[in-house]
Amino acid sequence: MSAISPQLRASARGAYRSIFRAARITFAGDDEIRRAFAIKTRNDFQAASLQTDSTAYTESVQLANEIAEVLRKNFVQGRRAGDGVYSGGPGGQCINKRSTNVDLLHKPTGIRVQCQETRSLQDNRRIARKLILKKLDALQNPGLSKEELRDARIRERKRRKEKKSKKKLEEKADETAFPNI
């Protein structure tokens, strides 16, 4: 067991700050998720700071830097739809004056989702995140995404039900054609 050098502790503090900066940008507008991520990260860093093995400490610092990099590059980056772009449609003056339209962009794939289903900006963000997750799932797992698997189960149930009803109709037809057999 070796002592942890001041340079390694400084790099750990840098990684910690890097994660929080990336999380602040990535989870902008979702305060609940950002707070939960901050608490989890803080607890992990506090547990790691108690380590006395420098190799394990170095590995945890490298992992933190990798997490920050993933947050910066791969997560959905949400922004309000550009300046002067307001929600429109039914709702009158109230909806037309507020920026409740949400425009999300997944940078690596270029998938863009816009949502203005409700009058609440937070609700629209949640809905848009769900929509973009569905699209990413379908892109990453063609034929095996949650939506496609659910649709396949529904089709299979319908097919079985139709087969069962057809069989019952045939049995009924046989009974009426030959009632005493």
Side-chain angles (χ1 to χ4, degrees), residues 4 6-89 91 94-141 144-147 149-150:
I4 297 179
Q7 291 86 9
L8 193 53
R9 290 198 186 274
S11 67
R13 285 191 301 273
Y16 184 69
R17 281 191 300 268
S18 180
I19 279 184
F20 272 101
R21 287 181 185 139
R24 188 183 67 231
I25 293 167
T26 301
F27 302 125
D30 260 344
D31 290 333
E32 297 168 13
I33 293 174
R34 190 178 49 79
R35 269 189 238 117
F37 182 82
I39 291 168
K40 171 80 171 105
T41 305
R42 189 175 303 118
N43 291 340
D44 289 349
F45 268 89
Q46 287 174 349
S49 69
L50 300 176
Q51 292 179 352
T52 55
D53 184 22
S54 63
T55 56
Y57 198 79
T58 305
E59 288 174 7
S60 62
V61 169
Q62 288 174 346
L63 177 66
N65 284 326
E66 289 172 9
I67 290 171
E69 192 67 25
V70 166
L71 283 174
R72 275 191 219 100
K73 288 186 176 179
N74 295 333
F75 268 75
V76 174
Q77 301 294 319
R79 299 279 183 263
R80 280 186 182 169
D83 293 333
V85 178
Y86 298 108
S87 297
C94 180
I95 195 87
N96 297 332
K97 287 173 61 175
R98 297 208 175 120
S99 296
T100 56
N101 190 7
V102 176
D103 185 20
L104 293 182
L105 170 68
H106 185 255
K107 287 184 177 179
T109 59
I111 294 174
R112 181 178 297 273
V113 173
Q114 288 187 334
C115 180
Q116 63 175 32
E117 291 182 17
T118 68
R119 289 170 47 178
S120 167
L121 185 62
Q122 287 181 337
D123 290 345
N124 284 338
R125 280 194 181 120
R126 285 191 187 104
I127 293 168
R129 284 183 195 271
K130 286 180 184 177
L131 290 173
I132 207 162
L133 283 175
K134 286 180 185 177
K135 286 187 176 187
L136 288 171
D137 187 29
L139 182 69
Q140 291 291 338
N141 306 315
L144 297 174
S145 67
K146 287 183 180 182
E147 292 268 322
L149 288 175
R150 183 179 51 87

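In what follows, every heavy atom counts, from backbone to side chain, and hydrogens, waters and symmetry copies are set aside.
- A side-chain contact (heavy atoms from CB on, under 4.5 Å) with Ile111 is found for one member of Leu139, Leu105, Leu131 and no other, namely Leu139.
- A pairwise comparison of heavy atoms in Tyr57 and Ala12 identifies OH-CB, 3.5 Å as the closest pair.
- For the atom pair CZ (Arg34) and CD1 (Ile39), the distance works out to 10.5 Å, reported to the nearest 0.5 Å.
- Rounding to the nearest 0.5 angstrom, the gap separating the CG atom in Leu133 from the CG atom in Leu104 is 9.5 Å.
- Under the 3.5 Å distance criterion, the side-chain polar atoms of Ser18 are left unmatched by any main-chain donor or acceptor of Gly14.
- Arg126 places a side-chain heavy atom less than 4.5 Å from the side chain of Asp123.
- Atom-to-atom distance recorded for Asp44:CG and Ile67:CD1 is 7.5 Å, nearest 0.5 angstrom.
- Of the possible donor and acceptor atoms, none in the side chain of Asp103 sits under 3.5 Å from a partner among the backbone N and O of Gln114.
- Between Gln51 and Ala56 the shortest heavy-atom distance is OE1-C, 3.3 Å.
- Annotation: the span from Ser11 atom OG to Gln62 atom CD amounts to 9.0 Å, rounded to 0.5 Å.
- Using a 4.5 Å heavy-atom threshold, the side chains of Leu8 and Thr58 count as touching.
- The heavy-atom pair separating Ser54 from Ile4 by the smallest distance is CA-CG1, 4.3 Å.
- The two atoms that bring Asn101 and Cys115 nearest to each other are OD1-O, 3.2 Å, heavy atoms only.
- Residue Asn124 comes nearest to Glu117 through the heavy atom pair OD1-N, 3.2 Å, listed as atom of the first residue, atom of the second, then distance.
- For Lys134 and Asp137, the salt-bridge test fails: no basic side-chain N is under 4.0 Å from an acidic carboxylate O.
- Here the straight-line distance linking atom NZ of Lys40 with atom CG of Asn43 works out to 7.5 Å at 0.5 Å rounding.
- By the 6.0 Å and 45° rule, Arg42 does not stack over the aromatic ring of Phe20.
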